[in-house]
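This report refers to the structure that appears directly beneath it.
First listed ligand is number 1; within each ligand, the first listed atom is number 1.
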Amino acid sequence: MCGISGIISTKNISKRLVNGIRNLEYRGYDSCGVALSNGKGNIAVKKNIGVVDEVDKMEGLSMMRGKVGIAHTRWATHGTVSQDNTHPHLSCKGDFACVHNGIISNYRSLKESLQKEGHKFLSETDTEVIPHLLEKYYAKTKDVEKAFVEALEQLDGTYAIAMISLYELDKIYCAKFESPLILGIGEDANYIGSDFNAFIEYTKNSVILDSGEYAIVTSGSYTVKDMLRMEPVEKETLKISWDAEMSKKGGYPHYMLKEIYEQPQAIVNAMGIDSHKIREIAEAASKSGQTYLLGVGTTFYVAKYGQYAFSNFGKRFFPCISSDEFLNLAEIDENTLLIALSQSGETYDTLNAIRFAKKEGAKVAAVVNVIGSTLSRTADYSILQGSGPEICVISTKAAISQMVILTRIAMELGVIQGKISELEKNELERHILELPDTIQKVLNENSGILNTLALRYSKIKNWLYLGRGIYYPVALESALKMKEVAYVHAEGMPAGFLKHGTIAMIDPEHYAVAFVPPKECEELYNLTMGSIEEIKARKGFVLGFYFNDTDVNGDLFDEKIVLPSMHPVAAPFLQLIAAQLFAYFTAIALKRNVDKPRSLAKSVTVA
Ligand code: F6R
């Protein structure tokens with residue numbers, strides 16, 4: 001949700017700075033800009049609407065010259081997408097330039113009083129109050145650091161801010177309150193970024209700012225301070241284990257496809273997570289008075305998947321709540337455990353739920369992909385899933401990996417509760433370990449037919465995605481993929497729910513996808529087939545995703561995707577992967593912006 005890049009060096013930085021926001025585009029991509037100082041008494045700002053390469057071409061961002069600068073790629077929250085609303089924003093005299101990620105919730109009252117004092121605003125953004133506040137407090141203190149801290153004290157809400165000033169051209173100031181911000185410590189330069197991708201090509205050494213901290217960064221040093229006391233705090237340097245190559249497309253036309261193809265490895269990595277870490281969370285769940293599962297968007301569906309896994313293998317029912325509704329539903333005390341899922345570890349809704357629960361004394365376990373993220377550092381038990389960078393805005397491999405990890409925790413809980421034996425657990429794990437090879441086979445052998453079907457049905461405006469049991473969250477997540485990447489309406493629903501209302505819509509013009517379990521899940525299989533019969537009786541269209549079991553009545557399906565048979569613990573993953581591909585190819589047929597769908601951003605750090 002907006003990307004910040006800042007660099008201070010002994011050399012010209014414009015190309016690196018532009019590269020930084022290009023690598024952060026998945027956080028927001030409606031407009032972007034750069035503020036650069038060439039040390040000659042002014043700050044040059046260039047910005048416009050469009051993705052980084054378009055704006056670079058229009059405005060010549062990478063042709064600018066300077067050794068200290070900040071840049072921003074925007075996902076509009078306050079104010080339309082316009083050149084004026086694009087960051088960086090300047091103070092009246094142009095002596096302070098700022099970029100910001102997050103939301104300043106009291107900006108209206110701040111803006112009103114600044115306007116009364118004579119400050120002229122050029123944008124509708126909340127951000128623009130920051131350079132004006134800096135100007136105001138600098139006039140009072142004649143000290144950039146004091147002005148910065150006084151300005152920060154006025155702000156309510158969430159922020160990651162980077163600022164350059166004409167009065168100290170050898171420094172970048174930056175601050176964090178809830179929105180992510182990290183420093184990169186390089187050889188000839190130091191960096192600031194919303195995440196590692198801003199600078200991973202240049203350095204792997206980073207320092208993660210915590211809420212309430214600010215930093216003063218020069219080309220050869222950095223100091224992190226506490227906002228309240230303005231005193232230095234000791235910070236650890238973290239070595240990033242991802243490398244720049246992992247964040248590149250590697251020959252695939254889109255990151256989404258690359259990341260779908262990386263799922264076998266993501267599963268291998270998830271299965272390789274230390275069993276002590278899995279056991280720790282399973283034990284905490286076993287001892288808790290109440291365990292909640294939470295996530296939002298895809299991770300809510302992952303949590304729902306986990307809910308079925310906990311009921312199936314752990315024989316414990318855990319409520320699953322979408323993070324944005326958590327405060328409206330959950331009852332928390334010191335015996336509560338939250339199991340939170342998040343790819344980025346920075347999602348506002350999830351972090352907000354966790355802060356609330358922690359205040360009430362609950363414990364938090366987290367499964368997170370991004371190393372050093374807020375969630376991974378605030379949780380009591382944290383599992384880093386090790387899926388590697390997920391650049392496409394649409395989550396695929398991170399979600400699959402989390403589903404595997406939750407299944408492992410659920411099975412471990414089953415062992416602790418005496419519901420399954422260690423031997424049974426090992427046997428189930430062995431079946432999950434068969435997945436990477438089988439997925440590879442599905443990717444190789446089913447892509448062609450999925451592409452053909454996507455082309456054939458790309459004009460369909462509405463789909464119903466149906467599944468029963470653990471195939472219900474598969475249907476929900478598959479439908480979300482279709483909505484977000486192809487902009488085609490798809491509704492996930494329990495297949496058994498159909499007859500309670502929605503069936504009234506079924507006619508020959510109605511299109512459904514049915515996720516059919518393996519035949520050995522007898523009851524689930526029969527009930528799902530029953531729902532398909534109900535659709536066929538009304539001449540509705542059914543695309544069936546089913547397994548290569550013997551004697552499935554293929555006549556019931558208008559189209560089908562037949563997947564290799566697998567043990568029930570592993571089978572749902574294959575269906576989800578096939579549905580991801582179906583959504584991807586539909587998006588291609590409709591010429592959608594696959595890696596950066598309209599109106600979306602990778603990491604939603606606002607309420
Ligand atoms: C969907 C998607 C979003 C995220 C959601 C939570 O493909 O990516 O629905 O799953 O915004 O994000 P994280 O997992 O970063 O907390």
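For the side-chain hydrogen bond (donor to acceptor under 3.5 Å, both in side chains) test with Ser395, the passing option among Gln402, Glu390, Gln343 is Glu390; the others fail.
For residues 268-278, the side chain to side chain donor-acceptor pair (under 3.5 Å) pairs, not counting sequence neighbours, are Gln265-Asn269, Asp274-His276. Residues in residues 443-469 take part in these salt bridge (charged side-chain N to carboxylate O under 4.0 Å, His left out) pairs, two or more places apart or across chains: Arg456-Glu559.
Take Gln440 and apply the side chain to side chain contact (heavy atoms under 4.5 Å, CB included) test, not counting sequence neighbours, and it matches Tyr261, Pro264, Leu443, Asn444.
Ion pairing between a basic and an acidic side chain is recognised when a charged N comes within 4.0 Å of a carboxylate O; Glu178 and Arg355 show such pairing. For the pair Glu412 and Arg279, the salt-bridge criterion is met [side-chain N within less than 4.0 Å of a carboxylate O].
A distance limit of 4.0 angstrom between heavy atoms and ligand 1 selects the residues Val296, Gly297, Thr298, Thr299, Ser342, Gln343, Ser344, Thr347, Val393, Ile394, Ser395, Lys481, Glu484.
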